[in-house]
2 protein chains.
Amino acid sequence: MKGIDKRVALFEEELRRAGLRMTQQRRLILRVLAEADDHPDAKGIFTRAFAHDPTLSLSTVYRTMKLLETQGAIERHAFEDGVSRYEHADQHHHDHLIDVETGQVVEFSSPEIEALQAKIAAELGYEIVRHRLELYGRKMPGTSKRKDVAKAD
Amino acid sequence: MKGIDKRVALFEEELRRAGLRMTQQRRLILRVLAEADDHPDAKGIFTRAFAHDPTLSLSTVYRTMKLLETQGAIERHAFEDGVSRYEHADQHHHDHLIDVETGQVVEFSSPEIEALQAKIAAELGYEIVRHRLELYGRKMPGTSKRKDVAKAD
DNA sequence: GGCTTATCGCAAATCATTCGCAATTGCGTT
DNA sequence: AACGCAATTGCGAATGATTTGCGATAAGCC
């Protein structure tokens, strides 16, 4: 609740700097995103925001997501279900593990894997611009470790 | 040229076993796929096959790709451009490095990364069912290493 | 050769996402 | 507080990849 308003204000500044406007719908979508602890898709964001403002349109959600992405405020991911899912980008880099049964998304990061990726790319004569790493797994019985758990819709 | 016919024959057996038929169009698509050393999408496969049989339809290509995928004869990949690309599945497992400038796809495999993935998943209480690893990179000047290079359309 | 039904070609249907455009609304300026 | 204009919105239509319904065609078994 506290960090959210600050983030919205910061974003408004960035917009202004680019000659853009902080509209009611952008403010609303931003709030929905900030309150989300999962990886919602456009329709999911629209549904949540629509509850607060029934005049909002899905097009505006898509347009805003694109804007937020180019501004670097959010990250877009396309998992195997084909739709684009979003999450705010104020955190450290991480990859995703998707529970094939529930669709739940668990975040993780591994400097070792990143290092190996860079090494492999270098061996092939490339430098990495970005990467996509998704693990699709099934919960093992008996184990109960936790870490940055976030569920998808 | 030799292995192709054999592979087609093997596939025909599998089809028959499932009560399905080896049609002209399936034979043709299979041949196109076997001759491809890249990762073509449905339209690309259609174009190549259409050159040999102008009565072929794109629907048939899509239907055949789905069939081949469920039969495990091919693998489908959806890189960042959004379209599904296919490659025959008779090779060892590998991941992909995509040249962000040319779209060229380089294949590689890393037992170390696979091991790390399994370890990470286990720590989170999961066992991996499958994964998706794509590196997007840019060719480094001066370096000239090669390895399993395959270009996209 | 004939029969059954899997498969095909075609056009229409989906689905997520984008776009065109007229109506609206931020917001810097009076 | 009102003005003016470009940025933005909502809506519906357009897109592009992929799927599907259906009548016509052709595998494969007798």
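Just so we're on the same page: letters track the sequence lines, and every chain starts at 1.
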Distance-only side-chain donor-acceptor flag, B/H96 / B/E87, under 3.5 Å: yes
Give the angle between the helix axes at the two ends of the helix from C/dG1-D/dC30 to C/dT30-D/dA1, taking five base pairs at each end and rounding to 10°. 30°
Using a distance-only test with no angle check, is there a side-chain donor-acceptor pair under 3.5 angstrom linking A/H94 and A/E75? no
Is it true that A/Y126 and B/D99 share a donor-acceptor pair across their side chains at a distance under 3.5 Å? yes
Any donor-acceptor pair under 3.5 Å linking the side chain of A/T47 with the backbone of A/K43? yes
Residues two or more places apart in sequence or in another chain: which of them pass ring pair (Phe, Tyr, Trp, His ring centres under 6.0 Å) with B/F11? none
Could you point out which residue of A/R21, A/R27, A/R7 forms a salt bridge (charged side-chain N to carboxylate O under 4.0 Å, His left out) with A/E12? A/R27
A/K119: partners by salt bridge (charged side-chain N to carboxylate O under 4.0 Å, His left out), with sequence neighbours left out: A/E123
Centre of B/Y136's six-membered ring, under 6.0 Å away, within 45 degrees of the axis: is that where NZ or CZ of A/R130 sits? yes
Going 5' to 3' along DNA chain C, which nucleotides are the first and last within contact of chain A (any atom under 4.0 Å from a heavy atom)? C/dA16 to C/dG28
Partners of A/R132 by side chain to side chain donor-acceptor pair (under 3.5 Å), sequence neighbours excluded? B/E134
Each nucleotide of nucleotides 18-28 of chain D classed B (base within 4.0 Å of a protein heavy atom), S (only sugar-phosphate) or -, in 5' to 3' order, makes BBBB----BBS
Evaluate the ring planes of A/H39 and A/F79, with Trp represented by its six-membered ring, and classify them as parallel (under 30°), tilted (30 to 60°) or perpendicular (over 60°). tilted
